[in-house]
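In what follows, a structure is listed as structure tokens, so that the remarks can point back to it.
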2 protein chains.
Amino acid sequence: MTADPSGMARPATLEDVARVAGVSRATVSRVVNGAHTVDPRLRSAVEQAVSQTGYVPNRAARSLVTRRADSVALVVSERERRAVHDPFIGRMFTDPYFGRVVSGLLEVLRPSGVQLMLMLADDAASRDQLVGYLRQGHADGVVLISSHSADPLPEMLTRARLPAVLAARPADPGPPIAHVDIDQHAGAGLAADRLAALGRTRIGTVSGPLDMPAGRDRLEGFRDALAAHGIHEVAAVEGDFTQAGGAAAMRRLLAERPDLDGLFVASDLMALGALPVLYRAGKRLPEDVAVVGFDDSSAALACDPPLTTVRQPVEEMAAEMARLLLRQIGEPGRTVPSVIFRAELVARQSA
Amino acid sequence: MTADPSGMARPATLEDVARVAGVSRATVSRVVNGAHTVDPRLRSAVEQAVSQTGYVPNRAARSLVTRRADSVALVVSERERRAVHDPFIGRMFTDPYFGRVVSGLLEVLRPSGVQLMLMLADDAASRDQLVGYLRQGHADGVVLISSHSADPLPEMLTRARLPAVLAARPADPGPPIAHVDIDQHAGAGLAADRLAALGRTRIGTVSGPLDMPAGRDRLEGFRDALAAHGIHEVAAVEGDFTQAGGAAAMRRLLAERPDLDGLFVASDLMALGALPVLYRAGKRLPEDVAVVGFDDSSAALACDPPLTTVRQPVEEMAAEMARLLLRQIGEPGRTVPSVIFRAELVARQSA
DNA sequence: TTGTAAGCGTTATCAC
DNA sequence: GTGATAACGCTTACAA
């Protein structure tokens, strides 16, 4: 950063550093890459030259020869956008879940010097382009957040032999691809246990989309645990994991089961939409209706009263995804195991 | 994608395509880059060879020679993390605002074939590293979301002559750097107008952090407009733009001004935290207290009743940032103007 | 342990 | 209009 009077000088290259330090390019390269086979005296000369010139490696040049990008892509895969209703792309981006994933990924990626690229796939063309980029080594691997189980991307990534980790269990007849998830079935069971422990018997649930493994698993887990408590009848309506969808589903559920006293909403965000509907119907929480959510996202605290919910440690899970991905990138061919986290109930005041 | 029996074959290069098409590398490069100086017959031969081989340009190689990365960085700049309370980095990531920005940026960037990298700067070391990367051409420009006005990054980017656009007005004695913002002062005035029109006179406000231009401008704009309505006394407490902070500030405000009948909360997220505090104090909305928020984020709809608020078209603003940045990248040296959007009141049921 | 030199895949400057 | 050919900045055998 020192000798830069012209203001817009060309960034220093390995060659420049070598000249200043009085060694060869190769030696500088070794020092920069932390090789152990360098004379301590030369090393410190090089290190001084590096800071004197403000040298930073050119990633494009490095990438070209190493065939690694030192970056990974966070791919958000969505259904095709609905032209009219969604003026802007990426519904997922405004879900609190997304930010938590980013935070967890960066926690691990940053210390490793790996950059994070953000990509959106929402139709066949964008998926093809995406896989093309990745096959070119533009990114070394993929963390995939998929919003629907018919998504062809996991299959495409597997076939292209690209390191990838899914942010949820893949769809059932899917490729064997590493993923990080919580035990959705058991987690939903905790919600059932809670309602049963409170003596609630007239049970309803706003489920997630049933074409997503998470939606399906939570509904089944809830039902199974309820059955174990001797409750076999449960009114269920399908939501879409959005707040507005939660409100709409709640209205239908209430029409179907006006006397309900125990409610499981399969995501906090949907609960945020559902609660006002309950209030408008004259219900008090938790006296009239005990409500349990799912996620333990910021939406749970946004509820009034604060929502009792099933905690999903999204940041930790994302950090684990990053670790799995880096390992997979580091040891190509070796398949890494999936990791399933345990869910736990966070008791607050709604149930 | 056709001739790929080995599964993990080396991606096709320009050379490969040239061989298949029976032309030179240079011609293929011209076709790929859309040059007009190529014979239509050769062009179509090349195009066929491209799709036959599944060729995708290697960005690293291209970058190396063009000195452009065809990517921009979304930099989130935060104060140093507080070791104990924040187990994970990037508080900004979980703000609904962040997702909206991403969505708006991608809307413009994607069609331009420009990738988005996500970076976090939260201490001196990370800032230096960041500027180093960028000076190396690792990204062509920066969209900066800064969470505090003492942030040295705008200054650093300006000095390094890096194309950059700020997601808000820079701090007052700051570098002349392009930014996109709304007219915060006028926007907050709309909130004041609304409360005045409703006949409210015992006014309070939960402001944003006063060390941020947005926080300061909204408070001043609110006060100035109120004064124009003949209301000169207003109780103000400082919040931090988070939900928990909104709740805490609301408690202090209520202690100071228990009889208040008109409230302006400088962000919807803070309002989400403030409302339950009001309810617990026995206030009804909007009868006892009329409340106006700011942002028109998803949090406004999460409020019960739905929050009357000042709309900030974040997605559109982010799209504009992307456009400004691309223009700045395309015409180096030329400074682009800043863009100030108009705020508007969205009337719902809280005021 | 250090230096030399050969690429990595692309664009761009030339002659043709 | 097309084709050689020389960079771009780096890593990595291989030679010394």
Side-chain angles (χ1 to χ4, degrees), chain A residues 9-47 49-50 53-71 113 132-140, chain B residues 9-47 49-50 53-71 113 132-140:
Chain A
R10 163 183 66 73
T13 69
L14 223 41
E15 185 74 50
D16 299 328
V17 179
R19 194 166 26 240
V20 170
V23 299
S24 73
R25 270 213 310 279
T27 300
V28 179
S29 175
R30 290 184 189 110
V31 171
V32 169
N33 292 291
H36 292 286
T37 70
V38 172
D39 185 286
R41 298 192 316 209
L42 285 192
R43 168 183 300 281
S44 70
V46 169
E47 277 161 354
V50 163
T53 53
Y55 171 77
V56 177
N58 179 313
R59 320 252 301 196
R62 178 179 278 175
S63 247
L64 187 55
V65 42
T66 60
R67 298 162 169 289
R68 284 183 307 108
D70 289 322
S71 71
Y133 274 152
L134 298 172
R135 282 186 42 110
Q136 263 312 339
H138 186 217
D140 302 322
Chain B
R10 161 183 67 75
T13 70
L14 224 39
E15 185 75 48
D16 299 328
V17 179
R19 196 168 22 243
V20 171
V23 297
S24 76
R25 267 209 316 274
T27 299
V28 179
S29 177
R30 288 185 190 107
V31 172
V32 169
N33 291 290
H36 292 288
T37 71
V38 54
D39 186 284
R41 298 192 317 209
L42 285 193
R43 170 184 299 282
S44 70
V46 169
E47 277 162 353
V50 163
T53 54
Y55 170 77
V56 177
N58 179 314
R59 319 248 307 194
R62 178 180 278 176
S63 247
L64 186 56
V65 46
T66 61
R67 297 165 168 289
R68 284 185 306 107
D70 289 320
S71 71
Y133 274 153
L134 298 173
R135 282 186 43 110
Q136 263 312 338
H138 187 217
D140 302 321

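Proteins come first, then strands; the chains are lettered A, B, ... in the order of their sequence lines, and each starts at number 1.
A distance-only check finds no donor-acceptor pair linking the side chain of S29(A) to the backbone of R25(A) [under 3.5 Å]. A donor-acceptor pair is defined here as one N or O able to donate and one able to accept, closer than 3.5 Å; such a pair exists between the side chain of D39(B) and the backbone of R41(B). Side-chain atoms of R59(B) come within 3.5 Å of backbone N or O of D70(B) as a donor-acceptor pair.
By the 4.5 Å heavy-atom criterion applied to side chains, T27(B) and R30(B) are counted as neighbours.
Side-chain nitrogen and oxygen atoms of T27(A) include at least one within less than 4.0 Å of the OP1 or OP2 phosphate oxygen of dG3(C).
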Pair T13(A), N58(A) - check side chain to side chain contact (heavy atoms under 4.5 Å, CB included), show working.
CA-CA 8 Å; T13(A) 69; N58(A) 179 313; over 6 Å; no
Intermediate values then yes/no, side chain to side chain contact (heavy atoms under 4.5 Å, CB included), N33(A) and R62(A)
CA-CA 11 Å; N33(A) 292 291; R62(A) 178 179 278 175; 3.3 Å; yes
Walk along nucleotides 8-16 of chain C from 5' to 3' and tag each nucleotide B, S or - by protein heavy-atom contact under 4.0 Å, base first, then sugar-phosphate.
BBBBB----
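Once you apply a 4.0 Å limit to the heavy atoms of chain A, the touched nucleotides of DNA chain D run 5' to 3' over dG9(D) to dA13(D).
If you take CZ on R19(B) and OG on S24(B), they are separated by 13.0 Å, rounding to the nearest 0.5 Å. The line from CD of Q136(A) to OG of S63(A) is 11.0 Å long, rounded to the nearest 0.5 Å.
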